[in-house]
Structure formats: structure tokens, C-alpha cells
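Have a look at the structure below before the remarks.
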Protein chains: 4
Amino acid sequence: MKRDKPKYHQIINAAVVVIAENGYHHAQVSKIAKQAGVADGTIYLYFKSKEDILISLFEEKMGSFVEKTQKILAGKKTASEKLLVLVESHFNMLSADRHLAVVTQLELRQSNKELRLKINNVLKNYLKLIDEILRSGIENGEFRASLNLLLARQMIFGTMDETATTWVMNDQKYDLTAMAPEVGNMLLNGFSAH
Amino acid sequence: MKRDKPKYHQIINAAVVVIAENGYHHAQVSKIAKQAGVADGTIYLYFKSKEDILISLFEEKMGSFVEKTQKILAGKKTASEKLLVLVESHFNMLSADRHLAVVTQLELRQSNKELRLKINNVLKNYLKLIDEILRSGIENGEFRASLNLLLARQMIFGTMDETATTWVMNDQKYDLTAMAPEVGNMLLNGFSAH
Amino acid sequence: MKRDKPKYHQIINAAVVVIAENGYHHAQVSKIAKQAGVADGTIYLYFKSKEDILISLFEEKMGSFVEKTQKILAGKKTASEKLLVLVESHFNMLSADRHLAVVTQLELRQSNKELRLKINNVLKNYLKLIDEILRSGIENGEFRASLNLLLARQMIFGTMDETATTWVMNDQKYDLTAMAPEVGNMLLNGFSAH
Amino acid sequence: MKRDKPKYHQIINAAVVVIAENGYHHAQVSKIAKQAGVADGTIYLYFKSKEDILISLFEEKMGSFVEKTQKILAGKKTASEKLLVLVESHFNMLSADRHLAVVTQLELRQSNKELRLKINNVLKNYLKLIDEILRSGIENGEFRASLNLLLARQMIFGTMDETATTWVMNDQKYDLTAMAPEVGNMLLNGFSAH
DNA sequence: TATGAATGAGCCTTCATTCAT
DNA sequence: TATGAATGAAGGCTCATTCAT
């Protein structure tokens with residue numbers, strides 16, 4: 001399996017750095033190869049195409065993030081508590097790696113429609129996580145029974161995403177994680193049963 | 001003044017169609033010229049560069065949208081009413097022109113950082129509109145006094161934007177405007193003073 | 001006759017200024033029209049093409065220069081005297097109009113082969129003048145009988161031209177005319193019968 | 001080092017042929033690539049830009065010419081002998097490669113001012129060679145002590161250049177080299193101490 | 001596995017010239 | 001005569017991918 005070999009991750013991490021520092025459109029394969037310390041051609045022994053690097057990048061990073069989030073959520077009982085932890089976890093992930101934050105919030109969005117559809121596919125597991133929180137909240141009466149699941153999920157993801165993008169656009173110069181409780185509470189108020 | 005001449009708008013509208021149908025990266029100037037029914041060179045009598053077409057496109061469309069929204073909001077008294085109308089108006093605009101919806105929600109985001117900064121500049125007037133609604137709501141006690149204005153604005157814009165993007169990505173096959181009241185109410189619940 | 005109308009000369013003089021100030025490749029017809037105070041289309045009522053402007057420019061300026069030189073030479077008796085006066089006159093003409101000097105020594109040489117062939121055609125009258133000086137000098141024994149007329153003419157023209165070009169390339173910051181006697185004498189030494 | 005690889009010279013020689021046959025303004029990069037038997041993109045592995053090809057072309061050809069001339073001159077004792085050999089060598093070089101003659105005498109002069117300044121820089125080494133001949137001739141009494149070095153150099157270069165250009169413009173249909181002794185002697189007469 | 005030299009498709013912009021008024 | 005808006009052809013350069021070694 002490719003992903004077990006060290007160069008696979010070496011190349012993905014090189015891509016994160018190169019894209020963050022040069023921007024999506026100036027992140028040539030040759031630059032990524034140089035940053036990874038391999039030859040241009042070697043890239044193609046591990047990835048089908050440049051696009052494949054980007055999708056794999058997102059899969060790897062998002063995949064491990066979803067796993068971590070699942071574990072954290074498992075320890076929480078109420079849907080409200082889970083939502084608050086979700087927001088905090090989301091902001092934490094982005095704060096932990098400033099290069100990755102730039103790449104996911106700004107640069108990867110410059111990709112074409114097809115690539116973004118594939119990226120959205122990767123996102124689905126994360127959206128499912130949100131859906132589960134909402135469903136459990138409705139079931140146990142924390143959230144309004146009349147809540148439109150799709151819209152509520154879009155409100156959660158849209159709010160977190162917009163907040164994160166604004167933060168990256170402002171050069172990450174304030175503390176994003178510190179905003180998590182307030183963002184979480186606003187969302188909770190929107191869903192609350194009372 | 002160039003913007004008063006018919007060809008100016010002819011070219012901008014052609015650009016919307018061409019970008020929507022071919023994608024941002026395949027929207028060659030020659031295609032736009034053909035769609036507008038003018039020669040390639042004529043484009044450059046009205047726009048400095050291809051980028052200038054895109055910025056002007058956004059300015060024209062967003063500008064007239066902000067104006068319209070301002071007028072509609074002027075007739076409303078409470079902040080809650082204004083917020084509901086804002087969401088409805090936002091969704092209405094996108095529903096009214098399916099090409100424009102694709103362009104603003106998907107294609108224009110593929111532009112480089114520089115162009116997006118200019119686009120964000122145009123967006124500022126819209127964000128100010130949202131801020132004013134929030135401020136008035138806090139002042140007259142409709143919204144919680146403790147509301148963080150920046151976060152609340154990001155929640156409003158993020159939610160509308162995410163909802164609209166999801167709708168476009170699903171080929172606009174359901175009724176976006178019909179979702180406005182529910183989206184508006186969820187947001188209101190999040191800000192409500194009670 | 002076109003050349004009797006004021007706009008004809010207006011356009012030619014505008015061309016000299018525009019080419020000198022912007023360089024051959026940035027001297028667009030529209031710039032020349034603006035400088036001449038006429039519309040772009042008007043240019044084509046007086047000249048067949050842009051190339052025609054440049055040839056006419058050279059014809060007009062060179063033509064009047066050859067005429068003046070002929071008159072001056074007519075008053076001189078010996079070939080040596082004539083040669084000295086020719087050099088002085090040549091350098092005088094270039095010193096008199098710094099724009100024209102730039103245009104003839106630098107900018108017009110950037111034109112393509114065909115245009116330069118036409119320009120050379122205009123030059124022929126000037127070269128004939130030189131030939132006549134040489135011929136009379138040989139006839140009356142001032143210059144060596146064995147002199148190769150073609151080579152001698154090339155030496156005269158090549159030396160004056162190279163000297164003038166170097167002077168223009170050095171921003172005309174020294175006195176070109178002051179060099180005329182020395183240049184003339186060197187040439188005379190080369191042709192002298194003794 | 002790029003200049004040690006065969007394709008470097010392959011491309012330069014292709015450029016000489018293409019420019020000579022099509023003229024400076026019709027010498028597209030794609031034509032040069034085809035003539036060199038490489039892909040368009042390969043050009044840019046060896047040269048920064050089209051302009052870089054032209055400068056390199058001049059540097060290579062002029063550079064090797066100056067070297068050869070230096071060696072030939074080293075074997076000559078008197079300044080007069082050196083000057084005669086210089087003219088002969090100059091005309092020989094141009095006669096040896098009819099394409100190169102067209103390129104250096106006609107086509108390259110159509111380049112813009114910037115490029116010509118760079119070309120002039122390359123020429124400086126050649127002009128130094130001329131200056132040294134003149135200086136030595138003055139020192140050992142062969143040439144007049146009163147000789148103006150700058151003017152004398154301009155006479156030498158201007159005469160050779162004009163003679164060569166006229167020859168190229170007449171389609172190289174007579175023997176340029178055969179003219180060298182006569183040109184050389186005329187110049188010598190101009191500088192001679194007696 | 002690994003290399004890196006070579007490939008070649010693709011597009012924005014300028015500007016001389018025309019022609020309806 | 002005079003205008004000036006409109007035309008449309010033409011080319012340098014980048015970079016993802018391949019393949020011989």
C-alpha cells in the first residue's frame with residue numbers, strides 16, 4: 001500500500017507547505033517535488049496526477065481529523081455538549097497547523113469544480129458527524145423537533161467555515177479557538193427547543 | 001462614461017453566461033466576445049483586462065443587489081423583519097439568474113487571491129448592511145446585548161452562503177427561496193434576547 | 001497635392017516627436033494622431049499606411065537637407081573644402097533637431113528590411129552628392145586617382161553615421177559639430193593624393 | 001553549464017537561420033524550435049526568453065570572433081599590419097556565414113533600444129581591440145600623435161560596418177574580403193604620421 | 001524504484017486599418 | 001474632409017506529464 005510508504009506522506013506534507021507559501025496557482029509539481037526532496041517523476045509513482053495529490057492531501061488530513069473528532073465526541077453525552085466540542089475541535093485543528101489552515105480555507109477553493117466535488121465527497125463523513133449530533137439532539141428533546149436537518153447542518157458548517165476563513169484572511173492574527181464557545185452557543189440558541 | 005454604453009453590459013452579461021457554462025478556467029476572452037457579439041478587441045475598449053471584466057461583473061451585479069436590498073430593508077421596522085427579508089432577498093437574487101448563481105457561488109472563487117481580495121472589497125458594503133441590522137436589533141432589544149457582532153455577521157453570511165452553495169452544487173434542483181423563512185428563523189433564534 | 005496642405009506636415013512633425021519620445025515600437029498611429037491634433041482616421045487621408053508616414057518623414061527631412069547641402073557646396077571650390085563642409089553640414093543638421101537625430105540615428109533603424117530599402121532609396125541622392133565630391137576631387141588631382149569610389153563613399157558615410165550614432169547614444173551630451181573638422185581631416189588624409 | 005550542451009548551440013544556430021530567412025519580426029520561437037528540431041518548451045530550458053536567445057547568439061558569435069581576432073593580431077608586429085588584418089578578419093567572418101551576416105548587419109538592428117544596449121555591451125570588447133591597435137600605432141609613431149582616439153575608432157568601425165551593410169543589402173553578390181586591403185589602406189592613410 | 005530532460009497544447013492582448021456617419 | 005468606434009490576426013511562455021536510462 002502506497003500510503004504506508006514514507007514518501008507518500010513526505011509528498012503530501014510538501015504540497016501543504018508549497019501551496020500555503022506560493023498559492024494554489026503557483027504550486028507547480030516541480031516545486032512540490034523539490035520541497036519533498038524527490039525527483040519530479042517520482043511524484044507520479046505515488047500519485048496519478050497533480051489533482052490526485054490534492055485530493056489525497058484532503059483525504060489524509062480530513063480523515064484523521066474526523067477520526068479524532070469522533071473519539072472526542074464519543075465521550076460526550078448531550079447533543080449540546082457535542083456541538084460545543086465540535087466547534088472547539090474544528091477551530092483547534094485549524095489553529096494547530098497554520099499552513100494547513102491556509103490551504104483548506106483559501107487555496108484549495110481555487111481548484112476547479114470537479115476537484116471541489118471530489119473534495120466535497122471527502123467532507124461528507126464530517127457532515128454525517130454533524131447530522132448525527134443534530135439527530136440525537138432532536139431525539140432527546142434538546143433541539144426543536146421541527147428543525148430542518150439539512151438547513152441546520154448548513155448553518156453549523158457555514159458558520160464555522162466563514163468564521164475560519166475570515167480568521168485566515170486576517171492572517172490568523174487573533175485566537176480562533178477562543179471564539180468557539182460563543183459560536184457554539186449562538187448555534188445552540190438557534191436550535192434550542194425552548 | 002463606459003458603463004452607460006450598451007456594449008459594457010452586453011459584455012458583462014456574456015461573461016456571466018460563458019463562465020457559468022464553461023467554468024472559470026475555460027472562459028477565454030474570445031468566447032466572451034463571441035457570446036457578446038463583438039470582436040475580441042472591442043472587449044478592451046470597455047475593460048482594461050480580463051480580470052477587469054470579472055471585477056466589474058461582480059461590482060455591477062453585487063452593487064445593484066445591495067441597492068435593491070437597501071430599498072427593501074428601508075420599508076421594514078424591526079430588525080427581525082429585516083433579517084428575514086435579507087435572507088429572502090439574498091436567495092431571491094440567486095434564484096433569479098441561474099447563471100449568475102453558478103458564477104458567484106462556484107466559479108469566481110477559483111480566481112487568485114488578488115482578485116478575491118478585490119471581490120471581498122465589493123462584498124464589504126453587503127456586510128455593512130448585515131452589521132446595521134444586527135446593531136439596530138441590539139439597540140432596540142430584539143437581539144441579545146451580549147451578541148458578538150463579528151461572529152453574528154459571520155453566522156448570517158456563512159449560513160446563507162453555505163446554503164446557496166449547496167443548492168448550486170445540487171444543480172439548483174430544489175427551491176432555494178422556499179428555504180428563506182426557516183433559515184431566517186434559525187438565525188433569529190440564535191440572536192434572540194429571550 | 002497633399003504635401004501642400006498643412007495637415008501633411010503637421011502629421012509628419014508629430015511622428016518625429018512621438019517616435020523620438022516613445023521609441024519606434026511604441027509610436028502607435030493613434031499617438032501620432034493625438035500629437036498632430038487630428039483623428040486616427042484622418043491620418044489615412046494623407047498617408048497610405050503607417051509605413052508611408054515614415055518614408056515621407058524621411059523624404060521630407062532628408063530632401064530638404066540634401067537641397068540645403070547642395071546650395072552650400074555650390075559656393076565651395078575645392079573638393080577638400082566641400083568634404084569639410086559636408087561633414088559640418090551633416091553634423092549641423094542632426095544637432096539642430098534633437099528629436100530628428102534620435103529618429104534617424106536610432107529609431108528608424110528598427111524598421112523592417114523592406115522599409116529600410118525604401119529609406120536607402122531616399123538616401124541615394126545624398127550618396128550621389130558625396131560621389132560628386134569624390135569624383136571632382138579625383139579629376140582635379142586633390143584625391144588619389146586610384147581611389148575606389150564606392151569604398152571611399154562608404155568610408156565617408158560610415159564614419160559620419162557612426163560618429164553621429166555614438167553621439168545620440170550618449171544622449172547628445174557633447175558638441176557634435178565641434179568634431180566636424182577633425183573627422184573631415186581624417187577622411188581627407190585617407191583620400192589625399194600625396 | 002548550459003552552453004556546454006549541444007542543444008544550446010543547436011538552438012542558437014537555428015535562430016541565425018530562421019532570422020536570416022524570415023526577418024527579425026517574423027522569427028517566432030516556434031519556428032526556431034522547429035528548425036532546431038526541439039519542442040517549443042525546450043527552448044526555455046536553455047534560454048530565459050526570446051530576447052535571451054538573441055543576446056546569447058550575439059555573445060557567442062561575437063565572443064568567438066573577438067577571440068580569433070585577438071589571436072591573429074598577436075602574431076602581427078606593426079599597428080598598420082594589425083589594422084589591415086583586422087579589416088580582413090572582420091570581412092572574412094561575415095563572408096564565412098551568409099546567414100550570420102544578414103542577422104548581424106540587418107536583422108538584429110531592428111531590435112528595441114534595450115536589446116541593442118545589451119548588444120552594444122558585447123561590442124565593447126571589439127571596440128577595445130580597435131583602441132589598442134590605435135594606441136600602439138600612436139606610441140610607436142606609425143600614427144599621428146594628434147589622432148583623436150574616439151573619432152579614429154568610429155572611422156574604422158563605421159567604415160567597416162557601412163561597407164559590410166552595403167554588401168549585405170546588395171545580396172552579398174560581390175567579394176567583400178577582396179575589398180579589405182583597399183579599405184585598410186584608406187584608413188591607414190587617414191591615420192598615417194607622414 | 002528513481003531520475004529529470006523533454007514535450008507541446010493553450011490564450012490574453014495590441015494596434016494598424018476600415019467605414020458608417 | 002473629418003471622425004473614432006470597431007475590427008481581428010498573431011505569438012511568447014508555462015507547466016503537468018512522460019519515458020529512456
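Keep in mind that the numbers below use all heavy atoms, side chains included, and drop hydrogens, waters and symmetry copies. Throughout, a chain's letter reflects where its sequence line sits, starting with A, and its residues are numbered from 1.
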Worksheet item: Whole-Å distance between F:dA5 P and C:K34 NZ?
Response: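 Value for this atom pair: 11 Å.
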Worksheet entry | For atom CZ of D:F47 and atom P of F:dG12, their distance in whole Å |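 Going from CZ in D:F47 over to P in F:dG12 covers 15 Å.
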Less than 4.0 angstrom between a side-chain N/O of [X] and OP1 or OP2 of [N], yes or no?
| X | N | result |
| --- | --- | --- |
| A:Y46 | E:dA2 | yes |
| B:K7 | F:dA6 | yes |
| D:K5 | E:dA5 | no |
| C:S30 | E:dC15 | no |
| A:K50 | F:dT17 | no |

Item to complete: By nearest nucleotide on DNA chain F, pick out whichever of B:I43 and D:H25 is the more 5' one.
Response: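 Final value for this comparison: B:I43.
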Worksheet item: Mapping B:L45 and A:K48 to their closest nucleotides on DNA chain F, which lands nearer the 5' end?
Response: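 Residue closer to the 5' terminus by nearest nucleotide: B:L45.
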Practice prompt. Please determine, for E:dA16, whether a Watson-Crick or G-U wobble partner exists with both distances under 3.5 Å, and give it or none.
Written response: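 Pairing partner: F:dT7.
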Practice prompt. Determine which nucleotide pairs with F:dT21, using a 3.5 Å limit on both distances of a Watson-Crick or G-U wobble pair.
Written response: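 Partner of F:dT21: E:dA2.
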Worksheet entry | Pair A:R109 + A:D161, salt bridge at N-O below 4.0 Å |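 Salt bridge: yes.
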Worksheet entry | Between CD on residue C:Q105 and CG on residue C:L94, distance to nearest 0.5 Å |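 C:Q105 atom CD to C:L94 atom CG measures 5.0 Å (nearest 0.5 Å).
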Discussion item. Considering every strand and a 4.0 Å limit on heavy-atom distances, what is the contact class for D:V29: base, sugar-phosphate, or nothing?
Written reply: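 Sugar-phosphate, no base atom in range.
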